[in-house]
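Count residues from 1 along the sequence. One-based numbering, in listed order, for ligands and for the atoms of each. Only heavy atoms go into these numbers, but all of them, side chains included; no hydrogens, no water, no symmetry mates.
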Amino acid sequence: MAFTGQLAVITGGGSGMGQAWTRQLAKEGATVAILDVNSEGMAETASGFDTVHRFEVDITDSDAVAGAFKTIESSLGPIERVINAAAIMPFGRLVDEDPRVTNKVMSVNYGGLANVATAALPPMLERGYGDFISFSSMTGIIPGLLMGAYASSKAAVQHYSEILYHENRDSGLRFCCVCPPAVATPLWRQAEATVVPKLPAKGETLTPDEVIAEVERCLESGRPFAYPGKQTKFGVMMRRLFPGLVWKASHEAEGF
Ligand SMILES: NC(=O)c1ccc[n+]([C@@H]2O[C@H](COP(=O)([O-])OP(=O)(O)OC[C@H]3O[C@@H](n4cnc5c(N)ncnc54)[C@H](O)[C@@H]3O)[C@@H](O)[C@H]2O)c1
């Protein structure tokens, strides 16, 4: 069943794609609950809308996530769509990276998804309808130098999402895992604060609206994966057929 625009929950709703999608759905008349650690960003997202409800929740805290979903269902009604957009993206050479940072990337980007899925899905599966969207990345398919922690977390998101889809393919829910290339959002500031890999920076950069439109098409067509952007589909094919060439391009771009 298609999204009827009643109630969506969006993690990472305080910035970037989560913010853009929240405001788009709210403009279309939906009620949206947003979860983020960025209270200033959430206030910006909600400004002008009394149908956007803010929850300051760290998605790595499974109890807090479960509590927030219970509160949302009991106070705002049945959740029809869940969008997992929260993530972090520090970059760097793996051996130079503080292992606490490497582990935190996995715990937010992958662990957060698992916390949300287990909190959100049981009542949705019982009702037999709704959308569940997870954000992987082109880097989850095409690993490259200097993005080890982030790319590994996004590969984990892909496997998790694919298995989740297959385990629930007869449930009536729609699942989509989106794998965008670079998108113009504040996330890149975290890379700029660490190191910016040259190869993805050379490729196409999409707008949040282009990514959102591709996810809507993915949900309508019943495909479990969305690959927004022309270069993404080409990159996926190159990685499958010629992984050595893709690594060569990464080494050449970074110069080591
Ligand atoms: N921007 C890109 O180039 C790009 C490319 C491919 C995939 N993605 C993915 O798209 C999604 C959205 O990214 P974006 O570019 O909009 O990022 P963004 O940085 O603009 O927004 C991410 C939000 O997640 C929140 N967040 C971080 N850790 C959190 C935590 N522990 N608990 C709750 N909230 C937390 C941040 O506060 C922020 O508001 C992410 O999953 C990202 O990995 C982004």
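- H166 NE2: more than 12 foreign heavy atoms inside a 6.0 Å radius.
- Listed by chain and number, residues touching ligand 1 at under 4.0 Å (heavy atoms only) are G12, G14, S15, G16, M17, D36, V37, N38, V57, D58, I59, A85, A86, A87, I88, V108, F135, S136, S137, Y150, K154, P180, P181, A182, V183, T185, P186, L187, W188.
- Here ring-ring contact (aromatic ring centres under 6.0 Å, His included) pairs that include residues 63-103, with residues two or more places apart or in two chains, are F91-Y150.
- Counting heavy atoms from C-beta outward, I133 and W21 have side chains that approach closer than 4.5 Å.
- No cation-pi contact links R239 to F234, judged by a cut-off of 6.0 Å to the six-membered ring centre and 45° from its axis.
- Side-chain contact check for F135 versus V211: some heavy-atom pair is nearer than 4.5 Å.
- A heavy-atom distance below 4.5 Å is found between the side chains of I72 and L7.
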